[in-house]
Protein chains: 2
Amino acid sequence: MQNSFTEENYLKIIHALSGRDGVEVSTNALAESTSTRAASVTDMLRKLADKGLIHYKKYQGVTLTDSGEKVAIKVIRKHRLWEVFLVEKLGFGWDEVHDIAEELEHIPSEVLVEKLDAFLGHPKFDPHGDPIPDAKGNLTEPDYLILTDVHVGEKVLMMGVLDHAPSFLQHLDRSGITLGSVLEVREINEYDKSASVQINGGPTLFISLEVSKNLLVQRR
Amino acid sequence: MQNSFTEENYLKIIHALSGRDGVEVSTNALAESTSTRAASVTDMLRKLADKGLIHYKKYQGVTLTDSGEKVAIKVIRKHRLWEVFLVEKLGFGWDEVHDIAEELEHIPSEVLVEKLDAFLGHPKFDPHGDPIPDAKGNLTEPDYLILTDVHVGEKVLMMGVLDHAPSFLQHLDRSGITLGSVLEVREINEYDKSASVQINGGPTLFISLEVSKNLLVQRR
DNA sequence: TAAAAAATTTAGACTAACCTAAAAATATAT
DNA sequence: ATATATTTTTAGGTTAGTCTAAATTTTTTA
């Protein structure tokens with residue numbers, strides 16, 4: 001049986017909120033993320049549970065079943081592949097593609113996804129550095145550091161972002177920080193934890209804690 | 001205001017059934033084309049009329065208003081551009097793309113369409129030879145002949161198909177007939193109007209009236 | 001041109017996905 | 001440990017798009 005646009009969105013969001021360790025997701029958290037009311041979420045959870053896509057006991061929160069996880073990962077694969085297409089082929093900025101990919105991710109057709117993947121050269125990461133699940137549904141989150149965990153003097157490689165908000169991404173653009181940038185932490189301000197960071201051996205700039213918390217990096 | 005997936009489909013189908021001269025389309029014809037019942041069509045027509053997208057008087061059939069025409073042509077533009085993408089970039093066959101394009105055509109975003117158009121090199125025709133409306137909504141149907149109107153001895157260029165059914169397109173593939181093929185009518189059978197046609201100066205084959213009726217060609 | 005047939009619309013219902021308001025269960029705090 | 005606050009569910013409603021069955025209008029035919 002085929003899942004609806006809405007069902008796919010719930011599964012995707014449960015996957016995201018559930019995290020790597022598959023922790024229970026609350027009704028309210030889902031209401032927040034789906035921009036609906038808790039009562040509507042309860043309706044949908046009953047439906048998803050009936051279809052065997054989630055584990056649901058009243059008042060206890062939900063987790064994905066294996067079958068629900070499979071669906072969620074397929075949606076994520078499609079979302080991230082379309083984002084690569086939009087940026088690499090159509091020339092969109094990384095701050096512009098989320099909403100469009102949000103629509104494209106629900107286009108059904110296995111063969112479309114596989115042909116798109118091949119056309120794009122089987123990319124491993126999307127324009128925000130998020131890993132793209134393979135055709136079999138294997139999704140391995142690389143264990144990056146957050147910039148706040150980097151010590152003064154260390155040089156790291158910019159690998160991804162946690163916040164995908166256009167305003168955040170545009171801020172990075174204005175700072176000259178993109179995927180692959182080399183960041184050297186020069187100084188950390190004791191008072192507000194802001195950092196002085198040298199970008200690609202060039203200009204040094206101040207990065208607020210808020211920004212640091214959303215930058216995923218890799219040592220060396 | 002934004003039109004729904006379903007509304008867009010009705011407008012697109014009314015456009016198709018209405019033809020160049022904008023003739024009235026009947027409720028039953030729409031029921032047939034949308035795979036719904038006449039009663040459902042009536043409901044939708046009232047809604048589209050309320051939105052000013054169609055001219056509708058009870059029992060009299062419908063035509064598009066200027067505003068409805070605009071929406072229909074935008075959908076057609078998207079459908080045909082996505083078909084070009086699927087065939088030219090992803091390597092689908094012309095017999096495989098209709099259903100996928102049927103989904104993609106409803107993805108909203110003006111800028112997506114324009115970037116896609118540019119990426120594809122502003123194509124004028126889709127993989128079935130149908131003209132692609134430009135960004136301003138100008139759609140000029142070229143006046144092709146149907147193969148049945150071609151006389152014995154004439155050489156024509158294969159420009160498009162009227163039937164988009166996969167089985168028909170696959171039949172053409174097997175016959176070696178594609179867009180751009182040169183067809184020379186050698187003989188027309190008086191009895192069943194089947195034709196002997198030489199393809200690209202090579203093999204000559206028999207083409208039934210049913211097939212001839214669906215081939216759009218141009219004198220050269 | 002009246003009767004029969006066909007096409008269309010109306011009436012009343014259904015499902016998916018949402019809502020508000022109220023009730024029930026769980027969590028927190030004194 | 002009980003009262004209060006928070007979270008979640010239930011109950012009952014709404015809208016878009018569909019349905020069937022019945023009523024109405026238009027078209028065809030005799």
Side-chain angles (χ1 to χ4, degrees), chain A residues 1-15 17-18 23-64 68 71-72 75 99 102-103 105-108, chain B residues 1-15 17-18 23-64 68 71-72 75 99 102-103 105-108:
Chain A
M1 199 184 292
Q2 181 75 353
N3 302 299
S4 73
F5 187 106
T6 309
E7 287 168 348
E8 287 189 352
N9 268 333
Y10 270 83
L11 296 172
K12 182 186 63 174
I13 290 169
I14 293 167
H15 178 92
L17 296 178
S18 198
V23 74
E24 279 79 16
V25 177
S26 76
T27 298
N28 265 358
L30 284 169
E32 168 82 32
S33 288
T34 56
S35 302
T36 63
R37 301 316 186 102
S40 311
V41 172
T42 301
D43 284 351
M44 182 57 77
L45 294 185
R46 214 165 40 71
K47 187 176 164 194
L48 293 172
D50 287 348
K51 287 183 137 195
L53 296 165
I54 59 172
H55 298 293
Y56 174 52
K57 261 185 267 166
K58 290 202 293 191
Y59 297 101
Q60 304 310 155
V62 289
T63 56
L64 295 175
V71 176
V75 175
D99 292 353
E102 206 74 356
E103 304 277 337
E105 74 189 5
H106 302 291
I107 302 286
Chain B
M1 199 183 293
Q2 182 76 355
N3 303 298
S4 72
F5 186 107
T6 308
E7 287 167 349
E8 287 189 351
N9 267 333
Y10 271 84
L11 296 172
K12 183 187 63 174
I13 290 169
I14 293 167
H15 178 93
L17 297 179
S18 199
V23 75
E24 279 80 16
V25 177
S26 74
T27 299
N28 265 358
L30 284 169
E32 168 81 31
S33 288
T34 56
S35 302
T36 63
R37 299 317 185 103
S40 311
V41 172
T42 300
D43 285 350
M44 182 56 76
L45 294 184
R46 215 165 41 69
K47 187 176 164 195
L48 293 172
D50 287 349
K51 287 183 136 194
L53 296 165
I54 59 173
H55 298 294
Y56 173 51
K57 262 183 266 165
K58 289 203 292 191
Y59 298 101
Q60 305 311 157
V62 289
T63 56
L64 294 176
V71 176
V75 175
D99 291 354
E102 206 73 357
E103 303 278 335
E105 73 189 6
H106 303 291
I107 302 286

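Reminder, nothing fancy here: chain letters follow the sequence lines and each chain counts from 1.
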**Student:** Which nucleotide, C:dC19, D:dC19, D:dT8, lies nearest any side-chain atom of A:T36?
**Tutor:**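 It is C:dC19.
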**Student:** To the nearest Å, give me how far apart NZ (B:K51) and P (D:dA16) are.
**Tutor:**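 Value for this atom pair: 9 Å.
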**Student:** Nearest 0.5 angstrom please: A:I107 CD1 to B:E102 CD, how far?
**Tutor:**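 Between atom CD1 of A:I107 and atom CD of B:E102 there are 11.0 Å.
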**Student:** Hey, which of these two, A:S4 or A:K58, hits DNA chain C nearer its 5' end, going by closest nucleotide?
**Tutor:**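 So the residue in question is A:S4.
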**Student:** Within this structure, what is the CG-to-P distance between B:N9 and D:dT18, rounded to whole angstrom?
**Tutor:**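 The distance from CG of B:N9 to P of D:dT18 comes to 9 Å, rounded to the nearest Å.
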**Student:** Is the distance from OP1 or OP2 of C:dT8 to the nearest side-chain N or O of B:N28 less than 4.0 Å?
**Tutor:**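 The answer is yes; a side-chain N or O of B:N28 sits under 4.0 Å from OP1 or OP2.
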**Student:** Once you round it to whole Å, what is the distance between P of C:dT15 and CD of A:E7?
**Tutor:**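 For the pair A:E7 CD and C:dT15 P, the rounded distance is 15 Å.
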**Student:** So, is B:Y10 close to the D:dT18 phosphate, meaning a side-chain N or O under 4.0 Å from OP1 or OP2?
**Tutor:**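 Yes, B:Y10 has a side-chain N/O under 4.0 Å of OP1/OP2 on D:dT18.
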**Student:** If I take atom CG in residue B:D43 and atom P in nucleotide C:dA11, what distance separates them, rounded to the nearest angstrom?
**Tutor:**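 So the CG-P distance, B:D43 to C:dA11, works out to 11 Å.
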**Student:** Once you apply a heavy-atom cut-off of 4.0 Å, does B:S40 come out as touching a base, just sugar-phosphate, or nothing?
**Tutor:**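 The residue B:S40 makes base contact.
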**Student:** How many Å lie between CD on B:E32 and P on C:dA7, as a whole number?
**Tutor:**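 So the two atoms are 12 Å apart, to the nearest Å.
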**Student:** Calculate the interatomic distance between B:Q60 atom CD and C:dA7 atom P; express it in whole Å.
**Tutor:**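 Rounded to the whole Å, the gap is 15 Å.
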**Student:** Expressed as a whole number of angstroms, how long is the span from A:N3:CG to C:dT15:C1'?
**Tutor:**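 After rounding, the reported distance stands at 17 Å.
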**Student:** What's the shortest heavy-atom distance between B:A72 and B:H15, and which atoms?
**Tutor:**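 For B:A72 and B:H15, the tightest heavy-atom pair comes out as CB-CB, 3.9 Å.
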**Student:** What is the nucleic acid contact for B:Y56, judged by heavy atoms within less than 4.0 Å: base, sugar-phosphate only, or nothing?
**Tutor:**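 The residue B:Y56 makes sugar-phosphate contact but no base contact.
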**Student:** Ignoring backbone atoms, establish whether A:T42 has a side-chain N or O less than 4.0 Å from OP1 or OP2 of D:dT10.
**Tutor:**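 Indeed not, no polar side-chain atom of A:T42 lies that close.
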**Student:** Could you state the atom-to-atom distance from OH of A:Y59 to C1' of D:dT10 in whole Å?
**Tutor:**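 A:Y59 atom OH is separated from D:dT10 atom C1' by 8 Å.
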**Student:** Is the closest side-chain heavy-atom distance between A:K58 and A:T42 below 4.5 Å?
**Tutor:**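 Result no, sub-4.5 Å side-chain heavy-atom pair not found.
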**Student:** Is any NZ, NE, NH1 or NH2 atom of the basic residue among B:E24 and B:K57 found under 4.0 Å from an Asp or Glu carboxylate oxygen of the other?
**Tutor:**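 No, this pair does not count.
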**Student:** For A:E32, I'd like to know if atom CD has over 12 heavy atoms of other residues, nucleotides or ligands within 6.0 Å.
**Tutor:**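 Atom CD in A:E32 is not crowded, with 12 or fewer foreign heavy atoms closer than 6.0 Å.
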**Student:** So does B:R37 get a side-chain nitrogen or oxygen closer than 4.0 Å to the phosphate oxygens (OP1/OP2) of D:dT20?
**Tutor:**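 Checking B:R37 against D:dT20: at least one side-chain N or O falls below 4.0 Å of OP1 or OP2.
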